[in-house]
Undergrad: 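Here it is, the structure, as structure tokens.
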Amino acid sequence: MTSRRTPPFGRALCAMITPFTDEGLLDLDGAQRLADRLVSEGCDGLVLSGTTGESPTTTDAEKSALVRAVADAVGDRAAIVAGIGTADTRHTVELALEAEKAGADGLLVVTPYYSRPPQDAVEAHFRAIADASGLPLVLYDIPGRTGTRIEPETMLRLAGHPRVVAVKDCSYDLLGTQKVLARTELAYYTGCDEYVLAMYAIGGAGYISTVANVTPRHFRSILDAFDGGDPDEAVRLQQLTIPLTELMMASGLPGSVTTKALLGTLGLPSGPVRAPLRPAGRDAVDGLRAAYAELTAHSDMVGTS
């Protein structure tokens with residue numbers, strides 16, 4: 001069995017959507033109800049105001065209000081990690097301090113996007129945020145969205161900072177990931193739902209999942225099976241997720257759109273997406289519902305729906 005880092009926020013984290021009312025306003029009651037459901041069904045932590053949470057179109061005040069509401073709803077049953085990443089170091093520091101005041105347990109900080117800073121600037125950005133707040137940081141490496149990788153050598157240097165404790169890894173570079181895992185104590189969470197088992201098997205801490213918004217118990221069951229000494233069952237459970245994960249994350253629609261569409265059909269808090277995003281069409285919704293029904297039918301048979 002591969003040695004495993006102690007996960008600072010638990011193993012099973014959900015990148016939670018941000019519910020809105022029909023009028024497009026922040027739905028704090030819905031957020032609390034959704035958060036309670038996710039924690040009750042197996043999530044150790046909730047990541048708020050990531051891209052799945054539509055952070056580009058929520059205000060700073062809404063982000064803080066969301067942290068406060070969800071923290072009140074889940075108490076000490078789950079960790080709250082606040083997404084604070086922007087392309088502006090000064091603004092990101094401000095958001096870090098506000099999230100700390102609001103009651104977050106940790107911070108998710110994405111690489112500055114679009115401007116494509118060099119690696120020394122990327123490192124300085126993360127260090128400025130880590131120095132400004134007393135909360136632990138999860139570095140978010142998603143070069144397909146930001147245009148800039150956190151190179152393994154940069155990650156190795158940042159691992160020396162006492163408040164840089166984890167990585168949300170969407171780099172699609174298992175070789176680079178293993179280089180950092182082998183030489184640091186950073187806890188690696190996959191942000192790619194298709195890599196939940198793969199990352200865990202090479203020593204990762206767990207996942208920060210979008211699809212877990214709708215199937216929290218099933219995704220947790222993958223880790224539970226592996227930890228229970230049944231890798232074949234873990235493989236089977238991971239493979240069952242493929243049709244739903246593909247439709248939610250690789251269909252050309254953003255995960256926030258597909259997640260809200262599916263949650264809405266299940267009668268769970270969701271609401272509309274904010275422009276420039278647009279709601280999923282009827283064919284997409286029907287496909288999502290069918291894939292969800294197939295997965296939960298299999299999950300019900302093993303008690304992990």
Side-chain angles (χ1 to χ4, degrees), residues 13 15-18 47-60 63 81-96 99 106-133 135-159 161 163-177 179-180 184 186-195 199 204 207-210 248-250 252-259 273-274 276-277:
L13 278 68
M16 198 178 99
I17 60 128
T18 300
V47 177
L48 308 178
S49 297
T51 309
T52 300
E54 298 180 74
S55 58
T57 55
T58 56
T59 68
D60 293 359
K63 290 177 173 66
V81 179
I84 60 162
T86 76
D88 175 1
T89 301
R90 182 173 57 181
H91 187 197
T92 306
V93 166
E94 291 171 355
L95 288 175
L107 304 171
L108 177 71
V109 191
V110 73
T111 317
Y113 40 83
Y114 192 77
S115 56
R116 302 184 69 179
Q119 289 298 298
D120 61 341
V122 169
E123 182 178 349
H125 174 81
F126 287 127
R127 287 189 182 278
I129 298 151
D131 289 341
S133 166
L135 295 180
L137 264 61
V138 182
L139 308 183
Y140 188 6
D141 189 16
I142 183 166
R145 291 283 187 96
T146 66
T148 303
R149 176 81 192 278
I150 310 175
E151 296 293 346
E153 292 75 15
T154 303
M155 203 76 79
L156 291 171
R157 291 191 298 272
L158 286 166
H161 196 291
R163 282 186 291 281
V164 175
V165 301
V167 177
K168 180 180 178 183
D169 187 7
C170 291
S171 66
Y172 288 96
D173 176 16
L174 285 180
L175 177 59
T177 294
K179 286 169 64 177
V180 180
T184 75
L186 290 175
Y188 262 72
Y189 294 94
T190 184
C192 307
D193 291 85
E194 68 272 29
Y195 276 178
M199 180 68 77
Y207 57 77
I208 298 175
S209 167
T210 293
M248 288 186 67
M249 306 303 294
L253 294 174
S256 52
V257 171
T258 56
T259 302
V273 291
R274 283 181 174 172
L277 298 180

Undergrad: Exactly one of Asp193, Thr51, Thr52 should register a side-chain hydrogen bond (donor to acceptor under 3.5 Å, both in side chains) with Thr210. Which one does?
TA: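 For Thr210, the side-chain hydrogen bond (donor to acceptor under 3.5 Å, both in side chains) check succeeds only for Thr52.
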Undergrad: Which residues pass the side chain to side chain donor-acceptor pair (under 3.5 Å) test with Glu94, sequence neighbours left out?
TA: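 Listed in chain order: nothing, the list is empty.
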Undergrad: What heavy-atom pair brings Lys168 and Gly191 nearest, and what distance separates the two atoms?
TA: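 Heavy atoms only, the tightest pair is CE-CA, 3.7 Å.
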Undergrad: Taking side chain as C-beta onward, heavy atoms only, is Lys179 less than 4.5 Å from Leu156?
TA: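 Not in contact.
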Undergrad: A side-chain contact here means heavy atoms from C-beta on lying under 4.5 Å apart; do Arg163 and Leu107 qualify?
TA: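 The answer is no, as the side chains (C-beta and beyond) never meet within the 4.5 Å cut-off.
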Undergrad: For residues Met155 and Asp141, determine if any side-chain heavy atom of one lies less than 4.5 Å from a side-chain heavy atom of the other.
TA: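 Met155 reaches Asp141 side chain to side chain.
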Undergrad: So, for Tyr195 and Tyr172, is the gap between ring centers shorter than 6.0 Å?
TA: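 When the ring centroids of Tyr195 and Tyr172 are compared, they turn out to be within the sub-6.0 Å range.
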Undergrad: Using 0.5 Å steps for rounding, measure from the CG atom of Leu95 to the OG atom of Ser133.
TA: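 Interatomic distance, Leu95 CG to Ser133 OG, rounded to 0.5 Å: 11.5 Å.
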Undergrad: Report yes or no: does Glu123 contribute a side-chain atom to a donor-acceptor pair with the main-chain N or O of Ile150 at less than 3.5 Å?
TA: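 No.
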Undergrad: May I ask you to decide if Tyr140's main-chain N or O and Thr111's side chain share a donor-acceptor pair within less than 3.5 Å?
TA: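 Here the side-chain-to-backbone pair exists.
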Undergrad: So do the side chains of His125 and Val109 get within less than 4.5 Å of each other, counting heavy atoms only?
TA: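 Yes, their side chains come closer than 4.5 Å.
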Undergrad: Between Ser171 and Asp169, is any side-chain donor less than 3.5 angstrom from a side-chain acceptor?
TA: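 A donor-acceptor contact under 3.5 Å links the two side chains.
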Undergrad: Show the nearest heavy-atom pair for residues Thr89 and Ala128, with the distance to one decimal.
TA: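 Taking Thr89 first and Ala128 second, the nearest heavy atoms are CG2-CB, 3.9 Å.
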Undergrad: Any idea which heavy atoms bring Pro112 and Pro117 closest together, and the distance?
TA: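 Heavy atoms only, the tightest pair is O-CD, 3.9 Å.
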Undergrad: Tyr188 versus Met199: any side-chain heavy-atom pair under 4.5 Å?
TA: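 Of all side-chain heavy-atom pairs linking Met199 with Tyr188, at least one is under 4.5 Å.
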Undergrad: At their closest point, which heavy atom of Tyr189 faces which heavy atom of Leu13, and how far apart are they?
TA: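 Closest approach of Tyr189 to Leu13, heavy atoms only: CE2-CD1, 3.7 Å.
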Undergrad: Any idea which heavy atoms bring Ser55 and Ser49 closest together, and the distance?
TA: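 Distance-wise, the nearest heavy atoms are CB-O, 3.1 Å.
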Undergrad: Using only atom types and a distance under 3.5 Å, with no angle test, would you say the side chain of Lys63 pairs donor to acceptor with the backbone of Ile84?
TA: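 No, Lys63 side chain to Ile84 backbone: no donor-acceptor pair under 3.5 Å.
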Undergrad: Between Glu151 and Gln119 (side chain of the first, backbone of the second, donor and acceptor by atom type, cut-off under 3.5 Å), is there such a pair?
TA: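 Here the side-chain-to-backbone pair does not exist.
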Undergrad: So among Leu135, Val164, Val93, which one has a side-chain contact (heavy atoms from CB on, under 4.5 Å) with Ile129?
TA: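 That would be Val93.
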Undergrad: For Gly147 and Arg116, which heavy atoms make the closest approach, and how far apart are they?
TA: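 Minimum heavy-atom contact is O-NE, 3.2 Å.
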Undergrad: Within the side chain of Thr258, is there an N or O that forms a donor-acceptor pair under 3.5 Å with the backbone of Gly255?
TA: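 Indeed, once roles are kept as given, a pair shorter than 3.5 Å links the two residues.
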Undergrad: Can you tell if the side chain of Thr86 reaches within under 4.5 Å of the side chain of Tyr113, non-hydrogen atoms only?
TA: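 Answer yes - side chains close enough.
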Undergrad: Using a 4.5 Å cut-off on heavy atoms from C-beta on, say whether the side chain of Thr18 contacts that of Leu48.
TA: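 No - every pair of side-chain heavy atoms lies 4.5 Å or more apart.
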Undergrad: Contact between Val180 and Val167 at the side-chain level, heavy atoms closer than 4.5 Å - yes or no?
TA: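 They are not in side-chain contact.
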